[in-house]
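Some notes on the structure that comes next.
Throughout, protein chains are lettered first and strands after them, A, B, ... in sequence-line order, and every chain is numbered starting at 1.
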Number of protein chains: 2
Amino acid sequence: MIVQRQSGVALWRQIADRIRTAIANGDYDATGKVPPEISLAAEFGVNRHTVRSALAALAQEGIVRAVQGRGTLIERKERLNFPISRRTRFSEGIGDQAKEKEGLLLAASEEPATPDLASRLQLAVGAAVIRLETLRKADRRPVSRATAWFPADRFSGIAEAYRESGSITAAFAAIGLTDYLRVSTEVTAVHADSGDLADLELSPGAIMLVTRALNADPDGVPVQYAISRFPADMVQFTIEN
Amino acid sequence: MIVQRQSGVALWRQIADRIRTAIANGDYDATGKVPPEISLAAEFGVNRHTVRSALAALAQEGIVRAVQGRGTLIERKERLNFPISRRTRFSEGIGDQAKEKEGLLLAASEEPATPDLASRLQLAVGAAVIRLETLRKADRRPVSRATAWFPADRFSGIAEAYRESGSITAAFAAIGLTDYLRVSTEVTAVHADSGDLADLELSPGAIMLVTRALNADPDGVPVQYAISRFPADMVQFTIEN
DNA sequence: TATGGTTGTCTATATAAATAGACATTTAGG
DNA sequence: CCTAAATGTCTATTTATATAGACAACCATA
């Protein structure tokens, strides 16, 4: 496939996205480097300078590193896989795909439930809910940005518990909820917004996978509703049935 | 949030994407039309002409229609929901979200299995597989583009069966497979390629949701591997656990 | 029917993206 | 120690994107 002109997406960005995907797919694993700029220019049907813009963007992201005389070396090629199942848990899902896992609390607040949120959590409209803004990292790279809501009466200390443990599962356990189940997960995709770019260290124009997830306790009572955003070039979801 | 400059994504495209999303979210349901160009220009911090480019793109997609003197009317705002479960079926998944459902066979061929495909279908590398390229429509609007592979020895007449019925489930039934189950589904997101643009009648720069699905018969023997592409602004997936 | 609010069209200018070509610099390998 | 194969840098030109302003055309409604 050839790149699209006058599409509103600059050629260098289209090419950067495709090379990033190719790297994630392992297409260049044999050499450990990206093909020469001239070859890429020929492949995509563009000028070498356009390819250089694309590679410069990828270098900025830390995915490749150009070395004069040698070529453009691949520095990083992970694509994390997140299984989605009835027992979905963020840290366990990553498993051994990353050594270090981290959960940062960016913000916490208490607020009244909107009609949509109240219906999902089976609360009265306007009932108090706790909102947590979190950032998750794997091997020190940010992999998701999430907003989660919990019924305030039942989970009053959850912000502190999350801040200390960096894990929803651990925070639930600290409050006495030892088990929970995933009820449903909606998946959509959008362009990254400026908050994504800042928090997840992305380059503009990146694509985000968005999940809207509902968790409930073993009795089926909703305990958490969360909207999470993941960079699409770094993650994929797997639904096992 | 304000739009991002020099990001490799033209402002008019960013604005078109955000208005499209806002329409799908029902933000303008009260009036049935998009806010005036001048308001949008102020909201996004751009010139009115830039907003006009965005609206022109949406008009091209058939999402809005501008009427001089009145405003820009919303023509279409659906977002189809596809449940993913152990018993995922395309047509049943749409359910009553669309009246007319259609499945077109674009191309069919027999080819040897690549190592990746052979491993997924549990065949020998190079074993014959049948490949179907299909286009699915709901209410005459294209909603997905899929490539599906089947073991050739077991499903020799499936291309014809699909062409006649427009349904994988019906085609399987015609060959004697009355039931099958979804084993796994991987979900990723990418930019639309030129094939997507043509087949799915999209505007360049659109985002696609991509699923890679494996189906097996009740004994667990793989019967189909499929890669499907859906326009992200028209569909969402729901995983019910 | 007059008016305010809206989209349509035109011209002009500035900035960003892409192409084109030439040549320098660095590295790996014979 | 050459040479081929890479990336790095520079200048120039063309095309696409974005801004700016003015005014025409049209619609709803007071």
- Assert: residue with more 5' nearest nucleotide on DNA chain D, out of B:N47 and A:R52, is A:R52
- Item | A:R136 to A:F90 six-membered ring, cation-pi geometry met (6.0 Å, 45°) |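 Ring-cation test returns yes.
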Closest non-hydrogen atom pair, [X] against [Y]:
X	Y	result
B:S144	B:L135	O-CD1, 3.3 Å
B:A232	A:A189	CB-O, 3.6 Å
A:V187	B:L209	O-CD1, 4.1 Å
A:L105	A:A159	CD2-O, 3.5 Å
A:P35	A:L40	O-CD1, 3.4 Å
A:A124	A:A113	O-CB, 4.3 Å

- Message: Quick check on side-chain contact (heavy atoms from CB on, under 4.5 Å): which of A:T88, A:T238, A:I239, A:V235 does A:F82 satisfy it with?
- Response: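 Exactly one candidate clears the test, A:V235.
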- Query: Angle, rounded to 10°, between the helical axes spanning five pairs at each terminus of the helix from C:dT1-D:dA30 to C:dG30-D:dC1?
  - Reply: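 The two end axes of the helix from C:dT1-D:dA30 to C:dG30-D:dC1 meet at 30°.
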Interatomic distance where [atom1] belongs to [X] and [atom2] belongs to [N] [whole Å]:
X	N	atom1	atom2	result
A:R65	D:dT7	CZ	P	13 Å
A:L73	D:dA6	CG	C1'	11 Å
A:Q14	D:dA16	CD	P	14 Å
A:H49	D:dT14	NE2	P	16 Å
B:E37	D:dT19	CD	P	14 Å
A:L11	D:dT15	CG	P	15 Å
B:F44	D:dT19	CZ	P	13 Å

- Message: Given 3.5 Å as the limit, does a donor-acceptor pair link the side chain of B:E186 with the main chain of A:Q236, or not?
- Response: no
- Query: With nearest nucleotides of DNA chain C determined for B:V34 and A:R48 from heavy-atom distances, which residue corresponds to the more 5′ nucleotide?
  - Reply: B:V34
- Note on the structure: Value for CD1 (B:I227) from CZ (B:R212), rounded to nearest 0.5 Å, stands at 5.0 Å
- Query: First and last nucleotide of DNA chain C touching chain A, 5' to 3', heavy-atom cut-off 4.0 Å?
  - Reply: C:dA17 to C:dA28
- Query: Is there a side-chain contact between B:V46 and B:W12, using heavy atoms and a 4.5 Å cut-off?
  - Reply: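 Not in contact.
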- Message: Taking only side-chain N and O atoms of B:S53, does any of them lie within less than 4.0 angstrom of OP1 or OP2 on D:dT17?
- Response: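 So the side-chain polar atoms of B:S53 never come under 4.0 Å of the phosphate oxygens OP1 or OP2 of D:dT17.
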- Task: Would you indicate which nucleotide in D:dT9, D:dT19, D:dT7 comes nearest to any side-chain atom of A:A66?
- Result: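 So the nucleotide nearest the side chain must be D:dT7.
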Set out, line by line, the N/O atom pairs under 3.5 Å between protein and nucleotides 27-30 of chain D.
from   : atom 1 : to    : atom 2 : distance (Å)
D:dA28 : OP1    : B:R70 : NE     : 3.4

